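This report refers to the structure that appears directly beneath it.
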Protein chains: 2
Amino acid sequence: MFSKTTEYALRAVIYIAQKGTEENKLGLADIAKAIHSPRSFTAKILQQLTAGGKIISSVRGPGGGFYISAKAKKLPVRSVLSVMGEDVKLEKCVLGLKHCSEEKPCPMHASYKLIKPLIIDLFESKTIEMLANEVSAGKSNIGNL
Amino acid sequence: MFSKTTEYALRAVIYIAQKGTEENKLGLADIAKAIHSPRSFTAKILQQLTAGGKIISSVRGPGGGFYISAKAKKLPVRSVLSVMGEDVKLEKCVLGLKHCSEEKPCPMHASYKLIKPLIIDLFESKTIEMLANEVSAGKSNIGNL
DNA sequence: GTAATAAAAGATAAAAATATCCTTAATTAA
DNA sequence: TTAATTAAGGATATTTTTATCTTTTATTAC
């Protein structure tokens, strides 16, 4: 559904929300290991998520690392997709038409439009915090082996 | 949702189903122009769809070209995804976990499993022919400008 | 200050997806 | 049989995605 980059981003954000706090920041090595993502590549992704204080926060130096504010935890999962530039994917025409609309639809349009809102809602209604809590409660996991 | 390659494949198959018959085969140039796909790249995709007589058929030489049998027209759209190796995408874990199941789910699993069958059904219930007829009836299009 | 730590930033590298071109094989018509 | 036509096949090129490595900057502790 999403690129590997975005999958790593989602897992990382959920992990940081689950394990980290401003008092207990998480290091890159810790995060990459926990979500089974390549370390250096994950660094780049975390930079994207940090840029402009959009989703996660970071501090350099000893005791530094990544964390996510209580406020940011309330953001919908979709906001992560948005930072990664993949929320547009949800809106895209199934056949890849540049102009696919009610007025000029592709042959999949009519049926796809019925479920598209459900897919979008999937990422809009769930917050980062909700997913992190799922993992904390032992109901689910983000490891990958 | 799908790769550009698969988007071209879907558009090409629908176009061939709509305009071509065994008596009136369609040439590569015609197809590529109609669906606004790069000509040579489309040739490779049509080869994939032709291989083993899976979806479309082809004949070389003058008067040759591509067409799709009446029987193949009845195939679900999903069969095209399958040939292009993208039907697995529909089954994949949203967070990219290798092992995401009821027993060991990711935090998106529970909500995603509610709509996944709808997405799959979208491509399983529609046949190539149904989409082609939509276009023939003027209800939709597969051009791209 | 200096040394140590950890993320940011930049430069490359490798792999996969997308795209083009040239040659070969099959088919038809003259 | 020769020429023309059209897809198949193979080689190569370009772009994007994924990944790694090195250097720089910020922060902390001493």
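These numbers were taken from a predicted model, which means no experiment stands behind them. All chains are named by letter (A, B, ...) in the order of the sequence lines, taking the proteins before the strands, and each is independently numbered beginning at 1.
When side chains are defined from C-beta on, Ile16(B) does not count as touching Lys25(B), because their heavy atoms never get closer than 4.5 Å.
Taking a 4.0 Å limit (strictly below) on heavy-atom distances, residues 15-28 of chain A reaches DNA chain C at Leu26(A), Gly27(A), Leu28(A).
Residues passing the side-chain contact (heavy atoms from CB on, under 4.5 Å) test with Arg60(A), sequence neighbours excluded: none. Remark: Thr21(B) pairs with Glu23(B), Asn24(B) by the side-chain contact (heavy atoms from CB on, under 4.5 Å) rule, at least two apart or across chains. The side-chain contact (heavy atoms from CB on, under 4.5 Å) test applied to Glu91(B) returns Arg78(B), Lys116(B), Ile120(B), not counting sequence neighbours. With sequence neighbours excluded, the residues satisfying side-chain contact (heavy atoms from CB on, under 4.5 Å) with Val135(A) are Ile14(A), Gln18(A), Ser140(A), Ile142(A), Pro107(B). For Lys113(B), the side-chain hydrogen bond (donor to acceptor under 3.5 Å, both in side chains) criterion is met by Glu102(B), not counting sequence neighbours. Under the side-chain hydrogen bond (donor to acceptor under 3.5 Å, both in side chains) criterion, Lys92(A) pairs with Glu7(B), sequence neighbours left out. In this view, Phe123(B) and Phe2(B) satisfy the ring-ring contact (aromatic ring centres under 6.0 Å, His included) rule, not counting sequence neighbours.
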Inset, instruction - Report the C-alpha separation of Ser79(B) and Ser82(B) in whole Å, then their side-chain angles, then the decisive distance to 0.1 Å, and conclude whether the side-chain hydrogen bond (donor to acceptor under 3.5 Å, both in side chains) test is met. - result: CA-CA 5 Å; Ser79(B) 62; Ser82(B) 177; over 6 Å; no

Protein-nucleic acid N or O pairs under 3.5 Å, nucleotides 13-15 of chain D:
none

Inset, instruction - Classify every nucleotide of nucleotides 19-28 of chain C by which part a protein heavy atom approaches to under 4.0 Å, writing B for the base, S for the sugar-phosphate alone and - for neither, in 5'-to-3' order. - result: BBB---BBBB

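End-to-end axis angle of the helix from dG1(C)-dC30(D) to dA30(C)-dT1(D), using five pairs per end and rounding to 10°, comes to 0°.
Side-chain nitrogen and oxygen atoms of Ser58(B) include at least one within less than 4.0 Å of the OP1 or OP2 phosphate oxygen of dA8(D). Taking side-chain N and O atoms only, Gln47(A) has no distance below 4.0 Å to OP1 or OP2 of dA7(C).
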Donor-acceptor list for residues 62-77 of chain A side chains, cut-off 3.5 Å, not counting sequence neighbours:
residue, atom, partner, partner atom, Å
Tyr67(A), OH, Glu22(A), OE2, 3.4
Ser69(A), OG, Ala72(A), N, 3.0
Lys73(A), NZ, Ala17(A), O, 3.3
Lys74(A), NZ, Glu129(A), OE1, 2.8

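Other residues, nucleotides and ligands contribute over 12 non-hydrogen atoms within 6.0 Å of the NZ atom of Lys89(B).
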